[in-house]
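Read the structure below first, then the notes.
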Amino acid sequence: MRVPVQITVLNLPRSATLEARARTMVDRLEKFHPRIVSCRVSIEELRRHRSRGRLFHVRVDLRIPGKEIVSNHRHDKDPYLALRDAFLSLRRQLEDTTRVARGEVKKHQGRTRRAVRGEPS
């Protein structure tokens, strides 16, 4: 199934390569959860300064049935690295959500009530 992807690029010249990289990363996420409803990717250059350099911010909003997962990442040199790190964080969150849904996460047993002094056990 093709995931509907919305890619927004702000304060940065539009790059077909950057958008293609974002689309391939979204396609890879289908391995971790087959029922992805939608995905929004926002790539933004926050600042461009001679002495301080550039700062890129990537935000990925992913919707699966019953939950929305959000990942943010900033990088000061390369938008591709910010994109990669945001998707790695998103993948980990998606894997955790899938594990919980499958029941693979260990659940702690409820605590037993301790006897209070003066009460019989």
Q | Pairs where residues 7-21 contributes a residue and the test salt bridge (Lys or Arg N to Asp or Glu O under 4.0 Å) is met, not counting sequence neighbours | A | R14-E19
Q: Drop me the distance from R28's CZ to M25's CE, to the nearest 0.5 angstrom.
A: 6.0 Å
Q) How far does CZ of R91 sit from NE2 of H33, to the nearest 0.5 angstrom? A) 15.5 Å
For the residue pair [X] and [Y], establish whether any side-chain heavy-atom pair is separated by less than 4.5 Å.
X   : Y   : answer
C39 : V60 : yes
I64 : L94 : yes
E68 : L62 : no
I69 : L90 : yes
I43 : L10 : no
E45 : R54 : yes
V41 : T8  : no

Q: Kindly determine whether L83 and L18 satisfy side-chain contact (heavy atoms from CB on, under 4.5 Å), including the steps that lead there.
A: CA-CA 9 Å; L83 187 69; L18 188 62; 4.2 Å; yes
Q | Any residue meeting salt bridge (charged side-chain N to carboxylate O under 4.0 Å, His left out) with D61, in chain and number order, not counting sequence neighbours | A | R40, R59
Q) Quick one: side-chain contact (heavy atoms from CB on, under 4.5 Å) partners of L81, sequence neighbours excluded? A) H75, D78, R84
(Q) As a quick check of understanding, evaluate side-chain contact (heavy atoms from CB on, under 4.5 Å) for L55 and R74, giving each step before the final call. (A) CA-CA 7 Å; L55 181 64; R74 291 182 179 185; 4.2 Å; yes
Q. What is the minimum heavy-atom distance between A86 and S71, and which atoms define it?
A. O-OG, 2.8 Å
Q. Going through the distances and angles, do T97 and F32 end up as a side-chain contact (heavy atoms from CB on, under 4.5 Å)?
A. CA-CA 10 Å; T97 303; F32 302 102; over 6 Å; no
(Q) With clusters defined by side-chain heavy atoms of hydrophobic residues (ILVMFWY) lying less than 4.5 Å apart, directly or transitively, does F56 cluster with V70? (A) no
**Q.** Cluster overlap F87 with L12, hydrophobic side-chain contacts below 4.5 Å
**A.** yes
Q | Derivation of the side-chain contact (heavy atoms from CB on, under 4.5 Å) call for Q93 and D96 | A | CA-CA 5 Å; Q93 291 178 45; D96 291 343; 5.6 Å; no
